[in-house]
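Down below is the structure, laid out as structure tokens.
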There are 2 protein chains.
Amino acid sequence: MVRKSETSGRLDDAARAGWLYYVAGRTQDEIASSMGISRQSAQRLVSLAVAERLIKVRLDHPIAACLELADAVRKKFSLKHVEVVPSDPGSSSTTVGIAEAAAAEIERWLKRPDPIVLAVGTGRTLKAAVDQLPAIECPNHRIVSLTGNIAPDGSAAYYNVIFSMADAVKARHFPMPLPVLVTSAEERETLHGQQLVRSTLEISAQADVTFVGIGELGIDGPLCVDGFLEKDEMMELMRNGAVGEICGWVFDGEGKLLDNPINERVASASIPSRESSTVIGIGKGKRKFKAIKAAVMGHQINALITDEDTAEYLLKA
Amino acid sequence: MVRKSETSGRLDDAARAGWLYYVAGRTQDEIASSMGISRQSAQRLVSLAVAERLIKVRLDHPIAACLELADAVRKKFSLKHVEVVPSDPGSSSTTVGIAEAAAAEIERWLKRPDPIVLAVGTGRTLKAAVDQLPAIECPNHRIVSLTGNIAPDGSAAYYNVIFSMADAVKARHFPMPLPVLVTSAEERETLHGQQLVRSTLEISAQADVTFVGIGELGIDGPLCVDGFLEKDEMMELMRNGAVGEICGWVFDGEGKLLDNPINERVASASIPSRESSTVIGIGKGKRKFKAIKAAVMGHQINALITDEDTAEYLLKA
DNA sequence: TTTGCTCATGGGCAATTACTCACCTTCAGG
DNA sequence: CCTGAAGGTGAGTAATTGCCCATGAGCAAA
């Protein structure tokens, strides 16, 4: 304490101050008087100890690993927000965990006092999330669907989540009275020109936050299973490099939307701006690995809710 | 996540808040808004995480003064290893600081790749140290208790640390199904002859490293407070020159085990060899000064974790 | 000796955090 | 159905901390 100018002495002091502060739990004032320096100097020593990484903080809880993964993924892909839930090794479900997390995130947005536009896509995961929502009243908000609600056979599409959402959430909601895929680009233009559709599209473009499922391709993927695409169309798509889809918009391994006849027939609204709004993708599981990776690489989404296994894949890949 | 009342969910939230606060360095306001709760609730979660010991802080820096003291003490008493942590002038705690240091030392031993036998004694300080341990998996190691786990009233003794240790450390552990003191030397022989006890005793004799608390005597000392000895027995002991105890083994001012009826009734295993293994005593504080000095003088231990004040006392005395 | 630079210091102040209090829900037991 | 305990909540407030700034010491180059 007599000599101050040696650098090592200063680090020693920093260590001592840091110890008193973090381990012993004293205030900076107490440290200052016990070391015979001013409070400000004590503060500097404490922050020096932190800056020099003399102080190591550890959190002993399974959730810590998830948070670290989330942070790493967020940084690697420059995402706005990433949430990672623990993987459940015993379950093959593609929704358990992330559905609850997504529901919590939806709830947080809906509880905001200022009016927002919340857009939703489609998919089983998103449906599961919406099913977790409690009853909420939020007359200020608007909820809009990006995708059509008409299945290939003309019935109401089951996985159009906006209706499930309307059950729980009291807000104005805007479905999209269209099929998911139409027969041609021209038909899409015509339909999108209708007044009702056009106003819904305009609302969707203003979305503050968007929740979308991320679908894998393949003959077991949702586009085939739900009958939107025939098996041979799917094979053709995959030959062209397609690996995943969001709201029917098909993209390749780098997350670029494909320039092909299928995408020309997608009647969904465009995915809202990733520059000016938050677009949260939801998905996990081995079959979706490539699709999720492509979606984050190509910035089709700028936020992600997934599980540990998937997050680890994203970091390794 | 819709329902919040689950206790485990609350701890998860605490962990999350603690991580965001200490690891990610966010403010409580940011945490509050990102978790959708009020700032006060965020603050509560953070302090809950601290209170539940989810957050562990460690300081990685050899403070010069402490190092010098440690070296001097090590030489003076021919010890294998001495660790000195800064004293906290304002605190009367007998564990703060050394508990963290002891936990770090235990962790270092447990992280060794080669299989070891780690023995533990008893005491509040050791308990506090073990409570600082993170979760570790080390199936190669064995952990054995030197002292019985049965209190005078027949219940499980609280300060038998091996059970706390088993919570954090995944390793085979061997408790000692005995009281600390039995009624006579003969009873001890009988009990020690039991197969279960004998094998535990054999393991303890092979210990590579042992961690023991150092207890002071007196009517406020642990032996009396925990009901192992009556006040008059204690007075008698002290009249005979006893100054401290380790695992119940009572020794005099020079660290020699007393040849008296009490030590004949101690059911603990013998302290493992100070020739062939490392026996680390943990303790600090004025009330323990004489006991610690006696323990190092008599080589009841061959390594010590203590604080500056105690180290200075040991050098002067 | 002067000049110019770096760096630690303490004061002051705004931001952040901890604590207390009154109230509100939940739930077990009468 | 009421009641009281336990535990959670937000508001308000006091305590603590982080940061900017002007100052001055130390030191090397001019």
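Being a predicted model, the structure only gives us computed values, none of them experimental. A, B, ... follow the sequence lines: proteins, then strands. Residue 1 opens every chain.
In this entry the distance linking CG of D29(B) with C1' of dT17(D) reads 15 Å, nearest Å. Here dT17(C) presents its C1' atom at 16 Å from CG of L48(B), a figure rounded to the nearest Å. One can place CD1 of I37(A) at 16 Å from C1' of dG11(C), the figure rounded to the nearest angstrom. If you take CG of L45(B) and P of dG10(D), they are 11 Å apart, rounded to a whole angstrom. One atom, CZ of R26(B), and another, P of dT16(C), lie 12 Å apart when rounded to the nearest Å. The CG-P distance, from D13(B) to dG8(D), rounds to 12 Å in whole Å. Per the geometry, CD belonging to Q28(B) stands 11 Å off P belonging to dC19(C), to the nearest Å.
Salt bridge status for R58(A) with E107(B): present, with a side-chain N to carboxylate O gap under 4.0 Å. Between K286(B) and E216(B), no side-chain nitrogen of the basic residue sits less than 4.0 Å from a carboxylate oxygen of the acidic one, so the salt-bridge criterion is not met.
Residue T27(B) places its side chain closer to dT16(C) than to any other of dT16(C), dA11(D), dG10(C). Listed nucleotides: dT17(C), dG18(D), dG10(D). Nearest to the side chain of S38(B): dG10(D). Which of dG10(C), dC19(D), dT17(C) sits closest to the side chain of S41(A) comes down to dG10(C).
A donor-acceptor contact under 3.5 angstrom links the side-chain atoms of R44(B) to the base of dG10(D). If you check distances only, the side chain of Q40(B) does reach the base of dA11(D) with a donor-acceptor pair under 3.5 Å. For a distance-only test at 3.5 Å, the side chain of R39(A) qualifies as a donor-acceptor partner of the base of dG18(D).
Q43(B) has a side-chain polar atom (N or O) that falls below the 4.0 Å cut-off from OP1 or OP2 of dA18(C). OP1 or OP2 of dT17(C) has at least one side-chain nitrogen or oxygen of Y21(B) nearer than 4.0 Å.
The closest side-chain donor-acceptor pair between D167(A) and S164(A), if any, does not fall under 3.5 angstrom.
Ring planes of F289(B) and Y313(B): parallel class, angle under 30° (limits at 30 and 60°).
Within a 6.0 Å radius of NZ in K80(A), other residues, nucleotides and ligands contribute more than 12 heavy atoms.
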